[in-house]
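Step one of this worksheet: look at the structure below.
Only heavy atoms go into these numbers, but all of them, side chains included; no hydrogens, no water, no symmetry mates. What you see is a predicted model, and the numbers here were worked out from it, not measured in a lab. Each chain gets a letter, A, B and so on, in the order the sequences are listed, and its residues count up from 1.
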Amino acid sequence: MEWRWEFTWEILPRMLWATGNTLLAAGVGYLIAVVVGLVLMLGQRTPYQIVNIVVREIVEFVRSTPLLVQLFFVFFVAPQFGIKLSAWTAGMLTIGLHFGTYLSEVYRGALEGVPKSQWEACRALNFTTLYTYRRIVLPQAFPIALPGMGNYLVGIFKDTPLLATIGVAELMHTANALGAETYRYLEPYTMVGFIFLIISLPTAMGLRRLEAAVDRAQGKRRN
Amino acid sequence: MTLDTLHPQKLEDDGPLVRFADVTKSYGSLTVLDQLNLDIAQNEMVSIIGPSGSGKTTVLRVLMTLEGINDGVIYVDGEPLTHMPKGNGLAVANEKYLHERRSKIGMVFQQFNLFPHMSALQNCIEAPMQVLGLSRDEAEERALNLLDMVGMSAKKDQHPTRLSGGQQQRVAIARALAMRPQVMLLDEVTSALDPEVIGEVLNVIRSLNSEHNLTMIMVTHQMGFAREISDRVCFFYEGKIAEQGTPDQLFGDPQNERTKQFLHAVLDAN
Amino acid sequence: MTLDTLHPQKLEDDGPLVRFADVTKSYGSLTVLDQLNLDIAQNEMVSIIGPSGSGKTTVLRVLMTLEGINDGVIYVDGEPLTHMPKGNGLAVANEKYLHERRSKIGMVFQQFNLFPHMSALQNCIEAPMQVLGLSRDEAEERALNLLDMVGMSAKKDQHPTRLSGGQQQRVAIARALAMRPQVMLLDEVTSALDPEVIGEVLNVIRSLNSEHNLTMIMVTHQMGFAREISDRVCFFYEGKIAEQGTPDQLFGDPQNERTKQFLHAVLDAN
Amino acid sequence: MSYIEFLSEFLPRLASGAGMTVMVMICATLLAVFISLLFGLMRLSSNFAIQGTATVYIEFFRGTSLLVQLYWIYYVLPLMGLTLTPFVSGVLALGLNFGAYGAEIVRGGIQSVPRGQYEAALALNMSPAKRMRRIIIPQTFPLILPPAANLTVELLKATALVALITVVDLMFVAKQINATTWLSAQVFGTALIVYYVMARFALIPFLRWLEVLAARMVGKA
Amino acid sequence: DELTDRINAGEPIRLGFATAIPWAYPGDNGEPLGFVNALTLVVLEEMGITNYTTSVNEWAGLIPGLQANRYDIITGGMYILKSRCENINFSDPIGLFGDAMLVPAGNPQGIHNYQDVIKTGATLVTGAGFNTVEAAKKEGVPDGQMMLVAGEVEILAAMKAGRADAAVQTFFGAKEHVDKSDGKFEVTDPADMPEWTQNWVGIGMRHSDTDFLAAFNEAMAKVIGGEKWMEAVAPYGYTEFQLPGDDASTEYACANR
Ligand SMILES: Nc1ncnc2c1ncn2[C@@H]1O[C@H](COP(=O)(O)OP(=O)(O)OP(=O)(O)O)[C@@H](O)[C@H]1O
Ligand SMILES: Nc1ncnc2c1ncn2[C@@H]1O[C@H](COP(=O)(O)OP(=O)(O)OP(=O)(O)O)[C@@H](O)[C@H]1O
Ligand SMILES: [Mg+2]
Ligand SMILES: [Mg+2]
């Protein structure tokens, strides 16, 4: 099965248009996830045990069930109970909530990476808990969380193909359609892979830069 | 804890600023503070000396509410620290109550615990601005002033990782002093300081002590320092105060066996 | 670095064990070690004193190869430390070469740097087993012996987070001594120790010094300690040795202005 | 038919599918862990070639979607003369892909161990390998485990994709049942619950236990 | 060719199909059910081949799977279309089939074909990459009215969720859905659909396996429409109406569909 250039050029416009959709879905989804994640993480550290447990269970449920199935339910089953969201809204909300639960775990791990002695210093200076988080703990947790957060930025982008099941015409959806219409899979799939690469590579590099910059800003010595 | 032993009402006003009443603290089977009783008056400078592991740091940590206690009460300014009056008994203090109590106390740690992501100056202005609500200018003025007193103004923009041991310690001292606490807890602040700097720090502390009538409790291993600065020296042994008195008394003619032995060693060393 | 200034060939055997030849170390614009020259003989005990920020810790760090140097050469046992002979010049040393050089040197850090995931005992047997290839029994025997000498055998199974400052420091000392290095670098090891323990530690060090003819370079702020233990005292000022000599000379009648001033302060403090 | 009837009729098949899911899960996890450590360490190597290789690998597998990799291994590799069984294809794709993510986590954890620990190990003259294995890596566990747990749970769910290449796992069985009964809500609802149960009451407790273990190891707990 | 050699060597022939009731689908143990499988087995038996294995795939993966040599023939019930002919060979037609509309019971909007869809402005759902997509486009259904989802499952789900007013699929597929969704839906008469969307179905094979193709066609010619044939497919609702007819030829389909 040899590579056909003219076919490649022929489908390129459709692929690029789909790429736009993919980026949009991933971008908005990630923004939602970052915020939701923070809420879910703090929701597990409130003084109220009940709240903590409830939030914990929500996180566990969402993150331990497949996004694919969640999308199916939100889009196809929820309407039978009167909740009818557009493919796009349903898609981005679901993916955002889903990755929000992951990020909440990333945040948690990072927080535990901040030495206990830093909390003690804040006590001694009589900072309020909220303030301690905002100015002392989170800034130090941030560099620890960055690699994980980067992972999920790339990850959410990578998972947008799942939106195909509910008919959001992103890259994979288009590649499948093209493949199925023309029965040539080599070009569409290879192009998808390639497009994913040329988008996620610079992203990842940017994240590296960011990590380094943050460390420098915090006067850390690199090993 | 046994509440019946306690007298919840406020102590009379001319009473001690800090009072440990039968305070016991233990880690599992190990008793670190053993029914400790200790009163410290307004404006007094108390040094705590004693062998390693005798509970010196722990005293400061419980007073800073970094560790809970197993029995007894600690009074600050006449009011119980870890317990708040409730009905006609005592209930375990909530965060709000502790926050208000803590505002009277400041501490310098043996390991400095500076904020690594902030410059020396930022480390010092953070709390005054946020907790005391000073304006940035006021806070900076105060901080620069203190950093200058401890000879660190040249390094004010460096992050802790780029500071030497003594430099870090001096920043830590400035950070705590910037809060103008009533009671200041110093845990071996002189350990990383050379005699010269110790001299300077001494002066800073003295001046603050007189100007802002600061009360001080310091743990130290440097007898010279203890002798120099303190009104009273407490010799700790196995979580108790084995002996206490003015520097001259304690260093001059110690009564307690253990104290003698300890100070004897000191003379060997210096 | 400028290789022409160097003499790669091995120094004569009766030469110094450690030699700093015009060593310069700077962080950006800040010069921390300024063309430092320092020879230390086999079995000698050298104390380094001096104001905070004068480069004392840095000397130890570069000798331990924790920091690179910008100029000059450091010789250990006659062989260049950071550079290995190659052709008739010097090339930057590779890991293997450094590994072999380092085996002669041990260090105790100002901040202890104990391994938090290991008990006191494990901290002490890890390297002897992994690096020197001792059997667990040999390693434990050696370690327990040392922990006992520094009075820590009771806490041998505790993790560092559960040890007091002085206890951590003593474990750190034992850990370094367990490697039986030829040269031992001590950075303010006495800072967290009370005079009693200092006495004990002193004896440990002395005995090792005589038995295993250990050479020692220690940074300290406690003049008493320096005077007590060392054959030679070096007064550091701004990355240079401003003055050096036997304790009696240096403390007795210092020549250099800066030294006088510094020691004057000392007398104030003690 | 009522949900009870539905379960009594199809649960056995779903269960057997779940069995296969667990198989895939375990194999893929082992592969992923190995790759994470390998490339996580390579990323930190000072040797440019090694570091470069790791970076390329990680970015490639993070950069292209798992689905694409799966299809590549299953449909395109045979065109190049390498035909792997569906099971192997699935495990391979999952392991390689998640390994890349794991490597980043490993790297992050290692880099956040305090510098003083490297210095102490070096001062004791431990070889770079020993420094890593005995001192640094053990200390990274408390930092690495929460995100790693995330990843493992994700992997469990990602196994659903192997259904697309004819591995008879939970998702595959669910699709089969659905295609004959068309009770989508019940079928996929049940599948969802099965995944949840596997994760919530087997996988996650196990990972939490590891976290506690690690915390105790560094004397935190 | 390679396949013939393998079969002569006594190796089993590998049938590849997706789950599309009643065309072709696996039993609990993966045994080949559905009429395409049934009649394929009849032909193979005629060829003296009784030794076979099966592989159940995603519909969209059927042709790549064949090209990746993961099975030898596609018995999924594929229309013979030009685009497909470029990638694989087809046996002679095994039948002529039409699409139909799946609509809510009582067909409120009166949708019977693509033109009705355009008129009513209804939303039409079908699977991404189904041949019906091409058909709808040719008939002029605007993209705005088309809803493309992953497959049969989502098509029915979309109808149940009321996200689409009509679904277009094969008559058999639609009928299956009607049977399995207790009276919620009904299927329109295939005859109402444009004639040209009627399609012949063939068994898919690799371009390379030419000898096998010839042998298969030869054997099929003997049994098609015969007694064995008809009783094999009867349980799945395949009747003589579906028989391809004598003028049917794969070449014609490849050229015109
Ligand atoms: N990583 C670094 N980056 C920049 N400057 C540094 C760094 N490390 C040390 N310095 C500076 O180098 C100088 C010497 O540091 P060093 O730790 O040797 O001092 P020291 O003699 O040990 O002082 P102390 O007695 O307080 O420990 C100090 O002024 C310090 O600020
Ligand atoms: N978290 C802990 N868990 C268990 N034991 C502890 C803990 N913290 C301290 N200890 C023990 O409590 C005792 C007193 O500790 P503390 O830090 O008060 O000693 P110290 O007087 O400050 O000694 P040093 O002068 O060496 O700092 C020590 O024996 C120590 O091992
Ligand atoms: Mg202490
Ligand atoms: Mg120093």
(request) Determine, for R61(C) against E119(D), whether the closest basic-nitrogen to carboxylate-oxygen distance falls under 4.0 angstrom. (result) yes

(request) Please check if the side chain of Q117(D) supplies one atom and the backbone of L114(C) the other of a donor-acceptor pair under 3.5 Å. (result) yes

(request) Measure across L66(C) and R115(D) and return the closest heavy-atom pair with its distance rounded to 0.1 Å. (result) O-NH2, 3.8 Å

(request) Kindly compute the distance separating CE (M118(C)) from CD1 (I135(D)), expressed to the nearest 0.5 Å. (result) 4.0 Å

(request) Select all residues of residues 165-175 of chain C having any heavy atom within less than 4.5 Å of some heavy atom of chain D, and report them by number, or 'none'. (result) R175(C)

(message) Enumerate the ring-ring contact (aromatic ring centres under 6.0 Å, His included) contacts for residues 24-48 of chain D, please, sequence neighbours excluded, ordered by first and then second residue.
(response) F39(D)-Y57(D)

(request) Compare every heavy atom of H117(C) with every heavy atom of R134(D), then report the nearest pair and how far apart it is. (result) O-NE2, 3.0 Å

(request) State, to 0.1 Å, how close S127(D) and H99(C) come at their nearest heavy-atom pair, and which atoms those are. (result) N-CE1, 4.2 Å

(message) Enumerate the salt bridge (charged side-chain N to carboxylate O under 4.0 Å, His left out) contacts for residues 192-212 of chain D, please, sequence neighbours excluded, ordered by first and then second residue.
(response) E57(A)-R200(D), E60(A)-R208(D), E105(A)-R208(D), R108(A)-E211(D)

Table please: side-chain donor-acceptor pairs of residues 151-164 of chain D below 3.5 Å, with sequence neighbours left out.
| from | atom 1 | to | atom 2 | distance (Å) |
| --- | --- | --- | --- | --- |
| T152(D) | OG1 | A148(D) | O | 2.7 |
| E154(D) | OE2 | Y152(A) | OH | 2.7 |
| K157(D) | NZ | R63(A) | O | 2.6 |
| K157(D) | NZ | H98(A) | NE2 | 3.1 |
| K157(D) | NZ | Y102(A) | OH | 2.3 |
| T159(D) | OG1 | L156(D) | O | 2.3 |

(message) So, taking the atom named CZ in R131(D) and the one named CD in Q130(C), what distance separates them when rounded to the nearest 0.5 Å?
(response) 13.0 Å

(message) How long is the straight-line distance from CG of N113(C) back to CG of L122(D), given to the nearest 0.5 Å?
(response) 11.5 Å

